[in-house]
Protein chains: 2
Amino acid sequence: MLKAREDAIVSSVNRLLAEKGFDAMTVDDVAADVGIAKASLYKHFVSKEELAAAAMIRVLDYTLAFIATLEAKPEVAAIDQLKAVARWTMKVQLAGEMPSLPAQNSALRVVLTANKPYIDRLIQVSGKLGAWIMAAQASGQLDRKLPPEVLLYTLFARACDPVLGLLKSTSTYSDEQITEMLLSTCFDGLAGAGPRLESV
Amino acid sequence: MLKAREDAIVSSVNRLLAEKGFDAMTVDDVAADVGIAKASLYKHFVSKEELAAAAMIRVLDYTLAFIATLEAKPEVAAIDQLKAVARWTMKVQLAGEMPSLPAQNSALRVVLTANKPYIDRLIQVSGKLGAWIMAAQASGQLDRKLPPEVLLYTLFARACDPVLGLLKSTSTYSDEQITEMLLSTCFDGLAGAGPRLESV
DNA sequence: GTCTATACACAGATAGAC
DNA sequence: GTCTATCTGTGTATAGAC
């Protein structure tokens with residue numbers, strides 16, 4: 001029961017974070033969305049920041065679960081595994097379920113960096129993506145001249161790229177078209193793949 | 001005198017927006033930074049949103065001025081003009097002078113979209129970049145399969161890409177190295193340019 | 001654990017004297 | 001136009017009854 005209630009809270013937080021962002025989301029919003037009193041919320045989570053942390057933890061858990069399904073197919077090339085992850089994050093975004101946190105809110109940063117469950121999952125995701133990145137570099141499918149770190153950060157950033165929301169709201173492209181175009185700009189750049197010699 | 005004072009205000013707003021973002025920046029912050037009373041601020045600008053708009057207008061003016069210097073060299077290829085603009089926006093970011101506005105704050109959006117001087121400049125910048133984008137597509141230097149609109153939005157988004165700040169704060173790369181690496185991921189993607197046949 | 005009611009802090013904006 | 005002082009709304013968090 002308690003677990004189910006908290007799960008409902010996290011679901012509301014997740015959607016509200018995706019819709020309005022952390023700063024614009026109020027605890028009153030969450031309470032109203034869940035359908036309970038604000039004071040009751042604080043019996044489950046000690047602060048607004050912890051609410052956001054719980055939502056991020058759940059997203060990372062879903063991400064790890066998705067990565068696990070990919071790891072079951074080791075025959076797939078590393079580059080394609082990475083593209084599958086990118087496609088998945090875009091799908092989550094398009095569904096309005098990707099929480100967006102401000103990069104600059106320091107109170108939130110303090111709570112998140114002190115939150116071990118969150119950090120643990122972040123490290124796990126980074127490790128798994130990092131392994132694929134280095135494998136893809138080794139086989140020449142990702143740029144060898146760039147540090148893996150830079151490729152990793154860029155991939156993470158594309159999971160909350162504002163371009164996606166902009167295209168969805170101002171253009172007439174389908175979700176699938178948007179996904180494929182942004183996947184292209186991410187991996188092949190604005191220049192596109194173009195005619196290409198085979199890499200070693 | 002009045003003009004100089006307002007210019008000082010916009011400078012403070014610009015820097016504070018870059019440092020803390022719109023939501024975290026308070027009007028008290030601005031007043032303290034300028035060194036005047038808050039009430040005096042409101043004699044110059046009617047709201048916090050208008051302060052942000054003024055800062056954005058100035059950035060767009062600087063951008064248009066920079067573009068004008070590039071237009072003085074029509075012999076330069078369109079793709080290189082676009083790269084020069086991207087390099088310039090990254091330089092502004094690295095200098096801590098790129099204001100960052102939340103994509104989701106609706107009150108701010110209302111004010112900005114109703115602000116003709118702002119919209120005019122935005123259209124001017126879009127027009128000039130759009131012309132280069134289509135020229136670069138025509139000569140095969142930018143992906144012809146992607147709509148110009150998508151390329152334009154992606155370029156705009158890179159002007160406030162959080163990856164830059166992340167690399168600056170967690171890595172040991174120089175500003176020049178960071179700039180070149182992100183320019184590479186932007187135009188050539190995570191895959192890199194690689195060995196490439198000449199395009200028509 | 002859920003509620004109603006409220007404390008507390010702070011930010012945007014204004015009043016009114018000079 | 002600048003100041004000090006203040007209003008007003010709102011958002012996080014808590015008290016205390018049930």
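By convention in this document, chain letters (A, B, ...) are assigned in the order of the sequence lines, proteins followed by strands, and residues within each chain are numbered from 1.
With A/Tyr42 as the aromatic partner, A/Lys48 does not meet the cation-pi criteria of under 6.0 angstrom to the ring centre and within 45 degrees of the ring axis. Seen from the ring of B/Tyr173, B/Lys168 does not count as a face-on cation partner, given the 6.0 Å and 45° thresholds.
Against DNA chain D, the stretch residues 21-35 of chain B makes no heavy-atom approach under 4.0 Å. Taken residue by residue, residues 3-20 of chain B places heavy atoms nearer than 4.0 Å to DNA chain D at B/Arg5.
The shortest non-hydrogen separation linking A/Ile57 to A/Pro117 is CD1-CB, 3.8 Å. The shortest non-hydrogen separation linking B/Phe66 to B/Ala84 is CE2-O, 3.6 Å. The two residues B/Ala159 and B/Gln93 come nearest to each other via the heavy atoms O-NE2, 3.0 Å.
Protein chain B touches strand DNA chain C; the 5'-most and 3'-most nucleotides with an atom under 4.0 angstrom of its non-hydrogen atoms are C/dA11 to C/dA15.
Within the 4.5 Å cutoff, the side chain of A/Glu71 has heavy atoms near those of the A/Trp132 side chain. Residues A/Asn14 and A/Leu17 have side chains not in contact (no heavy-atom distance under 4.5 Å, counting atoms from C-beta outward). Within the 4.5 Å cutoff, side-chain heavy atoms of A/Trp88 are placed close to those of A/Thr63.
OP1 or OP2 of D/dA13 lies within a sub-4.0 Å distance of a side-chain N or O belonging to A/Tyr42.
Counting non-hydrogen atoms under 4.0 angstrom, A/Lys43 reaches a base of the nucleic acid.
Both A/Val46 and B/His44 lie near DNA chain D, and the one whose nearest nucleotide falls closer to the 5' end is B/His44.
Between A/Asp161 and B/Arg158, at least one side-chain N (NZ, or NE/NH1/NH2) sits under 4.0 Å from a carboxylate O, which counts as a salt bridge.
B/Arg5 and B/Ser40 form no side-chain donor-acceptor contact under 3.5 Å, judged by distance and modelled atom types alone.
Rounding to whole angstrom units, NZ of residue A/Lys38 and P of D/dT10 are separated by 12 Å.
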